[in-house]
Peer 1: 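Before anything else, here's the structure in question.
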Amino acid sequence: QVHVVESGGGLVQAGGSLRLSCAASGGAYSRYSMGWFRLAPGKERQFVATITRNTGATYYADSVKGRFTISRDNAKNAVYLQMNSLKPEDTAVYYCAARRPNVSTNPRWYAEEGSFDYWGQGTQVTVSS
C-alpha cells in the first residue's frame with residue numbers, strides 16, 4: 001500500500017507561482033508513475049501532468065503546458081509540480097496520484113484517473129485576480 005500526501009498549496013495572486021510537493025511512502029516509489037490532477041468547483045476532476053517511472057517522460061494538459069513543470073526525486077520519494085504564471089482558472093484542489101507498474105494499451109493512460117491506484121487527500125490552490 002502506497003500512502004500519498006500533498007503539500008504546498010495556498011493563496012496566490014494571478015501571475016504568481018507555487019510549488020506543490022507530493023511525498024509517497026509504503027512502496028517502491030521509483031517503480032510508480034506519478035500524476036497530478038485537479039478538481040475545481042462545479043467541474044470534474046481533470047488531468048494536469050504525469051511523469052513516468054522509467055524514462056521520466058512528462059505529459060501535460062494543454063491548459064497548463066508551458067506554465068507548469070512536473071519533476072520527481074526518487075531519492076526523496078517525491079514528485080513536484082512547479083506552477084508559474086498562475087491564473088484564476090487554476091484555482092482547484094490538486095491531487096497527487098501513483099500508478100503501479102502496468103502495461104497499458106491505452107495511449108492516453110497518463111491522463112485518466114482510472115490509470116492511477118493511489119491518491120492523496122489533495123491540497124487547495126487559490127489564485128486571486
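Along the sequence shown, residues carry numbers from 1. When reading the values below, keep in mind they use all heavy atoms of this one structure, side chains included, and skip hydrogens, waters and symmetry mates. This structure is a prediction, so every number in the text was calculated from the model and none was measured.
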Peer 1: What's the separation between atom CG in Asn74 and atom CE in Met34, rounded to the nearest 0.5 Å?
Peer 2: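 Between atom CG of Asn74 and atom CE of Met34 there are 10.0 Å.
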Peer 1: Within the 4.5 Å heavy-atom criterion, are Thr58 and Thr50 side-chain neighbours or not?
Peer 2: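 They are not in contact (no side-chain heavy atoms under 4.5 Å apart), so the answer is no.
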Peer 1: Does some side-chain heavy atom of Tyr60 sit less than 4.5 Å from a side-chain heavy atom of Ile70?
Peer 2: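 Yes; the side chains approach each other to less than 4.5 Å.
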Peer 1: Does the side chain of Val12 reach to within under 4.5 Å of the side chain of Ser17, using non-hydrogen atoms?
Peer 2: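 The answer is no, as the side chains (C-beta and beyond) never meet within the 4.5 Å cut-off.
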Peer 1: Test Glu113 against every option in Gln46, Arg45, Glu44 by the side chain to side chain contact (heavy atoms under 4.5 Å, CB included) rule and name the one that passes.
Peer 2: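 Checked Gln46, Arg45, Glu44 against Glu113; only one passes side chain to side chain contact (heavy atoms under 4.5 Å, CB included): Arg45.
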Peer 1: Are the side chains of Val64 and Met83 in touch, meaning some heavy atoms are under 4.5 Å apart?
Peer 2: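 No, their side chains stay 4.5 Å or more apart.
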Peer 1: Any idea which heavy atoms bring Ala24 and Val2 closest together, and the distance?
Peer 2: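 Shortest heavy-atom separation between Ala24 and Val2 comes out as CB-CG1, 4.2 Å.
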Peer 1: Where do Thr105 and Pro107 come nearest, in terms of heavy atoms and distance?
Peer 2: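 Between these two residues, the closest heavy atoms are O-CD, 3.2 Å.
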Peer 1: Between Thr91 (side chain only) and Val127 (backbone N and O only), is there a donor and an acceptor less than 3.5 Å apart?
Peer 2: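 At least one qualifying donor-acceptor pair exists.
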Peer 1: Do Lys87 and Asp90 meet the salt-bridge criterion of a basic N to acidic O distance under 4.0 Å?
Peer 2: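 A salt bridge is absent here (no side-chain N lies under 4.0 Å from a carboxylate O).
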Peer 1: Just do the side chain to side chain contact (heavy atoms under 4.5 Å, CB included) check on Glu6 and Ser21 with the steps written out, would you?
Peer 2: CA-CA 6 Å; Glu6 306 93 338; Ser21 298; over 6 Å; no
Peer 1: Using the rule given for side chain to side chain contact (heavy atoms under 4.5 Å, CB included), can you reason through Leu18 versus Leu86, listing the C-alpha separation, both sets of side-chain angles and the distance that settles it, and then say yes or no?
Peer 2: CA-CA 8 Å; Leu18 277 177; Leu86 282 161; 4.2 Å; yes
Peer 1: Would you please classify the geometry between the Phe37 ring and the Phe47 ring as parallel, tilted or perpendicular, with 30° and 60° separating the classes?
Peer 2: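 Rings of Phe47 and Phe37: perpendicular, over 60°.
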Peer 1: Could you check if a side-chain atom of Arg99 sits within less than 4.5 angstrom of a side-chain atom of Trp109, using non-hydrogen atoms only?
Peer 2: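 They are in contact (side-chain heavy atoms under 4.5 Å apart), so the answer is yes.
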Peer 1: Val93 and Gly122: which non-hydrogen atoms are nearest, and at how many Å?
Peer 2: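 Heavy atoms of Val93 and Gly122 come nearest at CG1-CA, 3.8 Å.
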Peer 1: Tell me yes or no: between the side chains of Arg38 and Tyr94, is some donor less than 3.5 Å from an acceptor?
Peer 2: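 Result is yes, a qualifying pair exists.
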Peer 1: Within the supplied structure, the quantity of interest is the number of heavy atoms (other residues, nucleotides, ligands) at a distance under 6.0 Å from Lys43 NZ; does it exceed 12?
Peer 2: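 Count not over threshold, so no.
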Peer 1: Step by step, work out the side chain to side chain contact (heavy atoms under 4.5 Å, CB included) result for Arg72 and Arg53.
Peer 2: CA-CA 9 Å; Arg72 66 189 297 161; Arg53 63 180 183 90; 4.3 Å; yes
Peer 1: Pair Tyr95, Val4 - check side chain to side chain contact (heavy atoms under 4.5 Å, CB included), show working.
Peer 2: CA-CA 9 Å; Tyr95 296 89; Val4 178; over 6 Å; no
Peer 1: Assess Arg100 against Tyr32: is NZ or CZ under 6.0 Å from the centre of the six-membered ring, and within 45 degrees of the ring's axis?
Peer 2: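 So Arg100 doesn't make the cation-pi contact.
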Peer 1: Following the transitive rule for hydrophobic clusters with a side-chain heavy-atom cut-off under 4.5 Å over Ile, Leu, Val, Met, Phe, Trp and Tyr, establish whether Tyr80 and Tyr118 coincide in one cluster.
Peer 2: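 No, because Tyr80 and Tyr118 fall into different hydrophobic clusters, even though each may have its own neighbours under 4.5 Å.
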Peer 1: Any heavy-atom pair between the side chains of Val79 and Ile51 that's under 4.5 Å?
Peer 2: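 A side-chain contact under 4.5 Å exists here.
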Peer 1: State, yes or no, whether a side-chain contact exists between Phe68 and Leu81 at a heavy-atom distance under 4.5 Å.
Peer 2: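 Contact flag for Phe68/Leu81 side chains = yes.
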Peer 1: Evaluate the side-chain proximity of Trp36 to Leu20: yes if any heavy-atom separation is below 4.5 Å, no if none is.
Peer 2: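 Of all side-chain heavy-atom pairs linking Trp36 with Leu20, at least one is under 4.5 Å.
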Peer 1: Give, for atom CZ of Arg19 and atom CG of Asn84, the distance between the pair rounded to the nearest 0.5 Å.
Peer 2: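 Result: 11.5 Å between the selected atoms.
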Peer 1: Trp119, Leu39: one ILVMFWY side-chain cluster at the under-4.5 Å cut-off?
Peer 2: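 Yes, because Trp119 and Leu39 connect within a single hydrophobic cluster, where side-chain heavy atoms sit under 4.5 Å apart.
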